[in-house]
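The model shown is predicted, which means the values in this text are computed figures rather than measured ones. Values below: all heavy atoms of this structure, side chains included; hydrogens, waters and symmetry mates excluded.
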Amino acid sequence: MTLYGVGLGPGEADLVTVRGKEVLENADVVYSPGRLSRTVALKHVDESKIGDLDFPMTKDEEKLRTAWKEAAAEIAPNARDGNVAFVTLGDPNVYSTFGHLRRTIDAFHPDVELEIVPGVSAVTAFATAMGVEIEAGAGLSLREAASGHSPTGPDRMILFKVTDAPATHEGLVEAGYDVTYGRRLFMEQGETLVTDDPAEIDERDYYTLAYAEKEDLEVEQATAAFQTDDSEASGEDDSTASGEPVTDGGKRADLERAEGCEGGDCGGHRGGNR
């Protein structure tokens, strides 16, 4: 039998992957490290399946280690006898509490089978929520910015745990970044907010991230060539796509298209002669 680490995604129940939903529905017990992940899990499993775990709100490493050992001791026997899921927001391997459980299980219960079910992470979901495109080949760094920290250096950064946006903003702007903030993106719990004004997001919230990009960063997009004026886009100049004038009334182009379709290379007719 197996212990599954299941990523629930950013917080909306319908963003759980199909694989994650199947694992939850078939699990004998589902454990959650917090209230928000439990709320999402309950959209897919009955409350009778939810197991109880207690994780103290502390930075004391000894207390945390004790809590993880107790959690592993609770979970391991159930994972030997059946299928168990441990759920976490985002992805189990990206800034997740599941890493602590996995290491503890490996150390004290190495016979337990373990499988990771990835989830939609804020690493990717932020781009859609903020309307940001990270083009192919672009560098993007993942950093933590808790307690007003302002990491700098890369041209583009995603900053997690922005708990003091005004202080973080001050350092980033001074270093030459444009910054956009997102709070509780794709989360059912709490108000979603996207803004470039740190004053709108000055209260502390663990589920706040920022996208920072160097000012005046110029990116040459290959498809920028498609942004032509109306006369070029309309094709009213009687020329082919290569810019050569049409001298035969388009007969040659029609013939080439017909031959291509007959050979199965025409998208609109592909598969017609199988």
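Annotation: side chain of Leu101 is in contact with side chain of Ile75 (closest heavy-atom distance under 4.5 Å). The shortest distance between side-chain heavy atoms of Lys69 and Glu74 does not fall below 4.5 Å. Between Lys161 and Tyr207, every side-chain heavy-atom pair lies at or beyond the 4.5 Å cut-off. Between Val40 and Val16 there is a side-chain heavy-atom pair separated by less than 4.5 Å.
Formation of a donor-acceptor pair under 3.5 Å by the Lys49 side chain with backbone atoms of Glu25 is found in this model. Although no hydrogens or angles enter the test, the distance criterion places a donor-acceptor pair under 3.5 Å between the side chain of Asp28 and the main chain of Asn83. Looking at Thr124, its side chain does come within 3.5 Å of a backbone N or O of Ser121 through a donor-acceptor pair. The backbone N or O of Tyr4 lies less than 3.5 Å from no partner atom in the side chain of Thr2, so there is not a single donor-acceptor pair. With hydrogens and angles ignored, the 3.5 Å screen pairs no side-chain donor or acceptor of Ser32 with any backbone N or O of Val87. Between the His169 side chain and the Ala199 main chain, no donor and acceptor come within less than 3.5 Å of each other. In this structure, Thr17 contributes its side chain and Gly20 its backbone to a donor-acceptor pair below 3.5 Å. In this structure, the side chain of Asp91 engages the main chain of Gly119 through a donor-acceptor pair within 3.5 Å.
Looking only at atom types and distance, the side chain of Arg184 has no donor-acceptor partner in the side chain of Thr192 under 3.5 Å away. No hydrogens or angles considered: a donor-acceptor pair under 3.5 Å links the side chains of Asp46 and Ser48. Defined by atom type and a distance below 3.5 Å, a donor-acceptor pair is missing between the side-chain atoms of Thr88 and Ser37.
A salt bridge does not link Glu113 to Arg80: none of the charged nitrogens lies less than 4.0 Å from a carboxylate oxygen. Taking the charged nitrogens against the carboxylate oxygens, Arg19 and Glu115 do have a contact shorter than 4.0 Å, which makes a salt bridge. Using a 4.0 Å cut-off between a side-chain N of Lys or Arg and a carboxylate O of Asp or Glu, Glu12 and Lys43 do not qualify as a salt bridge.
Considering every non-hydrogen atom in both Ala125 and Phe186, the closest pair reads O-CE1, 3.4 Å. Val162 approaches Ala210 most closely through the heavy-atom pair CG2-N, 3.9 Å. The two residues Glu144 and Pro151 come nearest to each other via the heavy atoms O-CG, 4.1 Å.
For the ring-ring contact (aromatic ring centres under 6.0 Å, His included) test with Tyr211, the passing option among Tyr181, Phe160, Phe126 is Phe126; the others fail.
Other residues, nucleotides and ligands place more than 12 heavy atoms under 6.0 Å from the CG atom of Asp111.
Not less than 6.0 angstrom separates the ring centroid of Phe86 from the ring centroid of Tyr31.
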